[in-house]
Amino acid sequence: MQDALFRRIEEKQDDLVALTCDLIRFPTVNPPGEAYAPCAEFLGERLRKRGFDVSYHRAEGVVGDSARYPRTNVVARIEGSRPGPCVHFNGHIDVVAAGRGWSVDPFAPVVRDGRVYGRGACDMKGGIAAAVIAVEALLEATGDLPGVLEISGTVDEESGGYAGVGYLAQQGLFSRPRVDHVIIPEPLNVDRVCIGHRGVWWAEVETKGRIAHGSMPFLGDCAVRHMGAFLQRLESELYPALAAKRTEMPVVPEGARQSTLNINAIHGGLAEDYEGLPAPMVPDSCRMVLDRRYLIEEDPEAVKNEIVSILESLKHDRAGFDYAIKEVLAFQPTLTDAGAPVVRAVSAAIEEVLGRPAEQVVSPGTYDQKHIVRVGHLEDCIAYGPGILDLAHQPDEYVGIDDMIASAKVMAAATLALLGKPAAG
């Protein structure tokens with residue numbers, strides 16, 4: 001059965017490449033959330049023609065959803081003739097902005113030298129296509145299967161996933177008894193099983209000042225200078241402390257095995273899009289967005305307090321210093337047990353298909369496992385798919401065709417193993 005299954009996947013290579021290209025052509029850029037509905041409907045219609053029951057779920061009322069940019073998710077489900085567990089493949093259809101530096105049109109995919117180029121090829125439309133081909137090949141090569149197969153295309157993963165997997169998890173679509181095992185084909189490299197991710201805390205810090213004429217700054221109070229003092233304290237105190245914090249989690253790449261802080265943005269004074277000459281004003285506000293990634297060994301409250309304590313110290317030590325802080329989002333680390341059924345099944349399939357042991361890793365950034373675990377309370381969830389992690393969000397992003405074929409085989413073989421035994425728990 002497995003030999004026939006693998007041959008069937010190989011025979012579907014052209015279809016796999018074509019599906020990847022079709023998905024890339026939808027410019028599902030987030031923000032703002034372009035082309036979500038047509039992309040979801042394209043995926044749903046393909047699966048409906050192959051016998052799946054298809055439903056669409058718009059996350060009305062969730063941040064980001066609007067009449068112009070509806071947050072439309074698709075879920076496809078097919079049940080076998082005999083009882084058994086449900087294996088669910090989830091992929092996000094949104095992509096980040098193309099940015100500069102491309103040598104090809106990011107939304108007109110190019111197939112060249114064994115690769116498919118385009119925005120989202122790696123992260124993660126190539127993974128969605130590989131999962132679809134794996135499931136279709138399973139149904140074609142094996143005929144009748146026990147249990148249930150599901151595929152979902154969800155939105156907004158790049159901005160937290162609240163209107164995508166987070167919304168569906170709140171509706172019970174990622175919980176038992178409906179679903180038993182989840183595989184998310186994120187690009188963590190074709191020989192790796194990703195069992196979790198670091199925690200994340202995003203916050204916006206505002207330093208406050210007093211407006212005045214730029215020729216008489218002594219009559220005002222410069223919020224940008226106050227932010228500069230905060231930056232200096234981050235450089236001299238927090239960054240060295242973070243570099244000393246290490247984790248036992250198998251985070252990749254190596255540099256992410258420590259705590260990290262990225263300054264996402266800083267804005268003060270005149271708006272960035274002003275035209276003409278600048279006005280002579282002392283800025284009364286300066287805002288900075290912080291992206292803090294932390295380890296499973298760290299306490300989330302302590303992570304926040306590291307920033308707050310610096311701000312409070314400056315308020316005490318620096319004349320006129322005042323601030324406001326707003327949490328933007330927060331997700332705790334996740335870590336699936338290495339002995340969980342989906343981890344064992346995918347690891348064994350990787351060794352069988354690629355001829356080398358699977359590496360179990362943890363992602364430096366979060367992905368939608370957080371909602372499945374925290375909201376759906378479903379622990380048997382991992383990320384596995386084609387694509388090279390370092391290519392995500394880069395110009396000239398690509399996915400290797402051979403990697404997509406290999407990952408489709410792995411996902412199909414793992415699904416056979418998971419359907420062949422009762423669900424744990």
Side-chain angles (χ1 to χ4, degrees), residues 29-33 63-64 66 68-69 96-101 156 158-160 162 199-245 258-294 298 300-331 365 393:
V29 176
N30 176 30
V63 173
S66 67
R68 183 176 181 182
Y69 301 114
V96 297
R100 300 174 181 174
D156 278 11
E158 298 291 1
S159 55
Y162 296 103
V200 59
W201 181 64
W202 283 3
E204 182 184 85
V205 173
E206 179 189 15
T207 51
K208 301 179 180 182
R210 187 173 66 256
I211 200 166
H213 197 288
S215 68
M216 296 174 287
F218 46 84
L219 297 179
D221 192 10
C222 181
V224 174
R225 290 185 63 188
H226 287 313
M227 186 63 79
F230 176 55
L231 272 169
Q232 193 279 326
R233 293 285 292 272
L234 292 180
E235 292 288 351
S236 63
E237 296 179 14
L238 187 56
Y239 276 107
L242 297 184
K245 295 182 179 184
Q258 68 174 55
S259 294
T260 58
L261 174 66
N262 179 53
I263 297 171
N264 277 24
I266 186 166
H267 303 284
L270 292 170
E272 283 189 296
D273 59 353
Y274 81 90
E275 295 182 0
L277 295 173
M281 303 290 285
V282 175
D284 61 353
S285 174
C286 187
R287 295 175 295 111
M288 176 191 293
V289 178
L290 300 175
D291 178 352
R292 173 78 161 84
R293 305 298 171 128
Y294 66 95
E298 294 183 85
E301 287 303 314
V303 168
K304 301 175 187 179
N305 288 337
E306 288 171 340
I307 298 295
V308 173
S309 64
I310 291 175
L311 292 166
E312 283 294 314
S313 176
L314 284 166
K315 190 172 183 178
H316 180 268
D317 298 340
R318 183 177 172 87
F321 188 91
D322 195 13
Y323 74 93
I325 186 168
K326 177 176 68 175
E327 183 174 277
V328 178
L329 65 81
F331 294 114
H393 301 190

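Residue numbers start at 1 and run along the sequence shown.
Atom CD of Glu237 is separated from atom CD of Gln232 by 7.5 Å, given to the nearest 0.5 angstrom. Note that the NZ atom of Lys315 and the NE2 atom of His226 stand 12.0 Å from one another [nearest 0.5 Å]. Leu290 CG to Ile266 CD1: the interatomic distance, rounded to the nearest 0.5 Å, is 9.5 Å. Interatomic distance, Asp156 CG to Glu158 CD, rounded to the nearest 0.5 Å: 9.5 Å. Note that CG of Leu231 and OG of Ser236 are 10.5 Å apart. Values are rounded to the nearest 0.5 Å.
Residues satisfying the ring-ring contact (aromatic ring centres under 6.0 Å, His included) test with Tyr162, not counting sequence neighbours, are Phe331, His371. Residues forming a salt bridge (charged side-chain N to carboxylate O under 4.0 Å, His left out) with Arg210 (at least two apart in sequence, or on another chain): none. Listed by chain and number, the residues in a side-chain contact (heavy atoms from CB on, under 4.5 Å) with Ala229 are Leu314, Arg318 (sequence neighbours excluded). By the salt bridge (charged side-chain N to carboxylate O under 4.0 Å, His left out) test, Glu306 pairs with Lys245, Arg292, sequence neighbours left out. Shown here are the side-chain hydrogen bond (donor to acceptor under 3.5 Å, both in side chains) partners of Asp317, two or more places apart in sequence or in another chain: Ser313. With sequence neighbours left out, the salt bridge (charged side-chain N to carboxylate O under 4.0 Å, His left out) criterion links Lys304 to Glu301, Glu327. A search for salt bridge (charged side-chain N to carboxylate O under 4.0 Å, His left out) contacts involving Glu235 returns nothing, not counting sequence neighbours. In this structure Ser215 satisfies the side-chain hydrogen bond (donor to acceptor under 3.5 Å, both in side chains) test together with His213, sequence neighbours excluded. Residues that satisfy the side-chain contact (heavy atoms from CB on, under 4.5 Å) test with Ser66, not counting sequence neighbours, are Arg68, Tyr69. Pro300 meets the side-chain contact (heavy atoms from CB on, under 4.5 Å) test with Tyr294, Gln332; sequence neighbours excluded. Residues satisfying the side-chain contact (heavy atoms from CB on, under 4.5 Å) test with Asn264, not counting sequence neighbours, are Trp202, Asn262, Val289, Asp291.
Nearest approach of Leu311 to Phe321, heavy atoms of both residues: O-CE2, 3.7 Å. Summarising the geometry of Leu261 relative to Tyr239, their closest heavy-atom pair is O-OH, 3.1 Å, with the distance given to 0.1 Å. Residues Val224 and Gly268 approach most closely at CG2-CA, 4.2 Å, considering heavy atoms.
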Side-chain donor/acceptor pairs under 3.5 Å, residues 274-287, sequence neighbours excluded:
residue : atom : partner : partner atom : Å
Ser285  : OG   : Glu206  : OE2          : 2.6
Arg287  : NH1  : Glu204  : OE2          : 3.3

(message) Run the side chain to side chain contact (heavy atoms under 4.5 Å, CB included) test on Leu234 and Ile307 for me, step by step, so that the C-alpha distance in whole Å, both residues' side-chain angles and the decisive distance to 0.1 Å come before the verdict.
(response) CA-CA 8 Å; Leu234 292 180; Ile307 298 295; 4.1 Å; yes
